[in-house]
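Report on the structure given below.
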Amino acid sequence: MRQVNQVKLGAEFIKDTAHRESHDRCLWAARMRRDKVARIIPEWEEMRTLASEVKKHTLTHLDTYLEEFEKNATANGIKIHWAETPEEHNMIVYQLFRKHNVKTVTQGKSMTMDECDLRGFMSQRGIDILEADLGECIQQLDNQAPDHIVVPAIHKLRQDVARLFAEKLGSDPTNDDPHYLNSVMRKYMRKNYEKIDAGMCGVNYAIADTGGVAVCTNEGDADISATVPPLLVMSMGIEKIIPSMADLALYVRMLSRSALGLDITQYTTHIQRPQPGQEVHLIILDNGRSDRLSSPDYWEVLKCIRCGACMNTCPVFRRTSGLSYDAVYMGPIGAVLMPSYDLHRYARLPYSCTHCGSCGDICPVRIPIPELIFYWRGVDVERHQSQKVHDLEESAAEILLRNSKSLALGENAALWALRTLPDWLTESKLNPWAASHANPPAPQETFREYYRKNLAGDKHSTDLKEDNNV
Amino acid sequence: MKVGFFCPCYIDAVHPQSAISSYNLLRRFPQLEVEFIERAACCALPLTDMGYRKKACSLETNLVPLMKDYDAIVMPSGICSEQFRDHFDSVEQTDEVKHIRTHTYDVVDFLYDVLKVKELPWHPKFPYRVALHNGCHSLRYLLQARPTELMIPDFSKTESLLNMVEGIEVGYATRRDDCCGFGGTYAIWDAPCSGQQGLDKVNDYVRNGFRYVTSQDFSCLLHQQGVAMKHGLDLKFFYIAEILNGDAQP
């Protein structure tokens, strides 16, 4: 597969001022709301530590908790399936649908199913999957991947949605009033719900000691899937386990506050056992998670609760869009998670980062994202070499910066260029710095030159000391 | 106390005034014996940052003998001191290296944490409104102030030091600690996004009526200054020690 060039894709989005400004403004607003609601909880930082520790404990005892969960869920009447790969996952779902003669399915948003490209798999086999999440449904109508794991259509303006609905659903293209657009979507979805044969949804938390799961949504999309059709199929990664119902409260308190600055999601759906006449299946997916767990370097990515806070705060993500990462998981967590799925394809994502550190400080489970970005860049240099041009730059840097003599040589050359060469040359396309910057004013002399002229041999500080002693 | 003064490569070449003000500021303290580590070149941040650990190691190896004998090593740049503290690890971690890593400070940390400065007896004046930009590395990795993401008690070493200057009014951009997009080598190979971040930042100052900007990292300011000049904005940028030492000329 071709390597994703986030910088190039992001540059396209940056040029589109209206969309960039809206994307940046909406996500920054979410970040500000998050600060506000987190600030009023005195124990917020302790909660982050605890949430991180509970995940660590669970991940280091994952075999035990998975078995406990399977035992309790099975006793509740939920049928558990294990899938090692996306292919296995999709085949399990397909066989269930065949058995139940399913033609149309509604789906509450699930990252695990996105990871398996379940929709693509099913559409090839004549089964329609209809998204019940509004943003996800908009993206599905537009045949475009989600921009963000929590707010999938946040990069779209209302005008875009009005145009899209007009084209696909026959609504008034000139009416971009959100209430109107919502009513168009509601009518469309209601009609679809009449014909669904099965429901699907993801899982936020699988609770080992009760054998139930909790799904957090803002639109009740999981509830439609879980209550309307006679067959419910859920998917989750093996890392979604938490030990007990008591731990759930901690994560529920943090998830929506981190994600959108809301105290809690509108719906927290508990699925404990099938309703009368209903079948409930849960597929537990590995897809490289066991390998990730065994890595001493990046196992902590498995702590992720998919809140998207790192995306909202990331200065690069906000300005370049999630689409520019061309990945299931985008933004800072995507940059450290995707290379473990496909090192070649996603080798350049860890470079889309200014190292501002905000993602590390905001993460509710304290994943050291900035350190992991360093880690993946190191892996790329050692094994993969995604950007050969950096080799040249960095070799030159190594030679120039090695000692004060070579440094002075390089500095003098640069300062000579700055003082002597005309701006049209130094600010040409050969100099990438010049794309966004005017040249700095050239100083008269370097500090080293100034020091030698004015300060070297000066015993000022020792003189002062002697004065004090007297 | 024997203090080694380290002059970062980019400061030496492009904004030597940061080093001049810092060096002269340190010499005001009689308890310090300040020595410029003239032969030290670069902290290896540009190499570490890009994942070139082996190349970084060769630079680090050269620095160890030059830096090992000081009680403290002080530098006019938060990103470089953070590099020594957190990422000077491509070289073997001997006792000398460990000493260097735990005794390296930028000017702000040194004044605030080591010298515990409560006033500036030379009475520097800067009777203007100035925007304080806490550089991301100094803010979030050196924790020189409370990053807005962290729900810990409010504090700011940089603001406390600046408030010792007579007449100064310290303020902030609306998005006070949103990254300005410098990011070291990032500014070069992701120029479109870096430039956009920089433009958003300098426009934020202008919208808030600032004419002066200061920071503990002139690396950020070098980037912001270049963007501001390119767009013809009336902003002037000072390294924090220029103001603290009374050298800043409006």
Side-chain angles (χ1 to χ4, degrees), chain A residues 7 10-11 14 20 28 35 38-39 41 44-45 313 315-316 319-320 351-358 360-362 374 377-378 380-381 390 394-395 397-398 401-404 406-407 411 414-415 432-433 435-440 443 445-448 450-451 455 460-462 464-465 467-468, chain B residues 7 9 11-16 19-20 23 27 30 32-34 36 38-42 44 46-47 49-53 55 58-59 62 136-137 140-141 147-152 175 178-179 181-183 186-198 222-223 225-227 229-230:
Chain A
V7 169
I14 288 172
R20 170 183 31 84
W28 184 258
D35 285 4
R39 193 77 175 140
I41 298 181
W44 182 260
E45 295 301 328
T313 202
V316 178
R319 290 171 179 87
T320 56
Y351 296 96
S352 294
C353 164
T354 66
H355 270 304
C356 79
S358 185
D361 280 353
I362 209 162
F374 267 122
R377 288 184 186 184
D380 181 46
V381 168
H390 291 165
E394 300 297 318
S395 296
E398 186 196 5
L401 303 175
R402 185 177 288 152
N403 61 50
S404 55
S406 56
L407 176 65
E411 285 175 351
L415 288 175
W433 177 258
S436 313
H437 307 86
N439 281 330
E445 54 197 357
T446 65
F447 177 71
R448 279 178 171 74
Y450 173 90
Y451 174 82
L455 303 168
H460 176 80
S461 55
T462 32
L464 269 178
K465 204 173 185 180
D467 286 352
N468 282 358
Chain B
C7 180
C9 50
I11 292 289
D12 192 40
V14 196
H15 196 70
I20 296 171
Y23 191 84
R27 295 203 317 161
L32 305 180
E33 189 188 326
V34 187
F36 175 37
E38 211 177 334
R39 285 173 57 218
C42 169
L47 297 157
D49 194 35
M50 292 295 284
Y52 288 77
R53 291 286 174 165
K55 293 187 198 298
S58 94
L59 265 64
N62 290 348
C136 293
H137 278 59
R140 299 201 180 85
Y141 301 125
T148 46
E149 303 91 19
L150 284 189
M151 301 307 155
I152 55 176
R175 295 186 179 188
D178 192 20
C179 175
F182 173 62
Y186 177 81
I188 294 177
W189 48 259
D190 191 357
C193 189
S194 169
Q196 187 60 50
Q197 287 177 251
L222 192 65
H223 162 68
Q225 176 182 272
V227 175
M229 281 168 67
K230 181 128 187 156

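Proteins get letters first, then strands, A, B, ... in listed order; numbering begins at 1 in each.
Taking the side chain as every heavy atom from C-beta outward, A:Ser436 and B:Lys230 never approach each other to under 4.5 Å. Side-chain contact between A:His437 and B:Met229 is absent, with no heavy atoms from C-beta onward closer than 4.5 Å. Using a 4.5 Å heavy-atom cutoff, the side chains of A:Val381 and B:Met50 are not in contact.
Taking B:His15, B:His223, B:Arg39 one by one and counting their heavy-atom pairs under 4.5 Å with chain A, the maximum is reached by B:His223. When the candidates B:Gly198, B:Pro46, B:Gly51, B:Cys7 are compared by the number of heavy-atom contacts under 4.5 Å with chain A, B:Gly51 comes out ahead. Put simply, of B:Ala41, B:Gly181, B:Pro147, the one with the most heavy-atom pairs under 4.5 Å next to chain A is B:Ala41. The residue among A:Arg39, A:Glu445, A:Arg377 with the most heavy atom pairs within less than 4.5 Å of chain B is A:Arg39. The most heavy-atom pairs under 4.5 Å with chain B, out of A:Ala38, A:Gly360, A:Ser352, A:Gly10, come from A:Ala38. Each of B:Cys193, B:Ala187, B:Ser194, B:Ser58 has some count of heavy-atom pairs under 4.5 Å with chain A, and the biggest count is that of B:Cys193.
Remark: side-chain polar atoms of B:Arg53 are not paired, donor with acceptor, to backbone N or O of A:Gly378 under 3.5 angstrom. Using a distance-only test at 3.5 Å, with no hydrogens or angles considered, a donor-acceptor pair links the side chain of A:Glu45 to the main chain of B:Met151. Checked by atom type and distance alone, the side chain of A:Arg448 never pairs as donor or acceptor with a backbone atom of B:Asp12 at under 3.5 Å.
A donor-acceptor pair shorter than 3.5 Å cannot be found between the side chains of A:His355 and B:His137.
Shown here for A:Thr354 and B:Cys179, the closest heavy-atom pair between the two residues is OG1-SG, 3.1 Å. A:Tyr351 approaches B:Tyr186 most closely through the heavy-atom pair O-CD1, 3.8 Å. Contact between A:Pro440 and B:Gln225 at its shortest, heavy atoms only, is CB-NE2, 4.1 Å.
Checked for salt-bridge contact, B:Asp178 and A:Arg319 meet the test: a charged N lies under 4.0 Å from a carboxylate O.
Contacts between A:Ser358 and chain B at a heavy-atom distance below 4.5 Å involve backbone atoms as well as side-chain atoms. Neither the backbone nor the side chain of B:Ile11 has a heavy atom closer than 4.5 Å to any heavy atom of chain A. Only the side chain of B:Asn62 comes within less than 4.5 Å of a heavy atom in chain A; its backbone stays farther off. Of the atoms belonging to B:Gln196, heavy atoms from both backbone and side chain fall under 4.5 Å from chain A.
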Q: Would you please test A:Trp44 and B:Leu150 for side chain to side chain contact (heavy atoms under 4.5 Å, CB included) and show each step?
A: CA-CA 9 Å; A:Trp44 182 260; B:Leu150 284 189; over 6 Å; no
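Here A:Asp361 pairs with nothing under the side-chain hydrogen bond (donor to acceptor under 3.5 Å, both in side chains) rule; sequence neighbours left out. For B:Phe36, the ring pair (Phe, Tyr, Trp, His ring centres under 6.0 Å) test picks out A:Phe447, A:Tyr451, with sequence neighbours left out.
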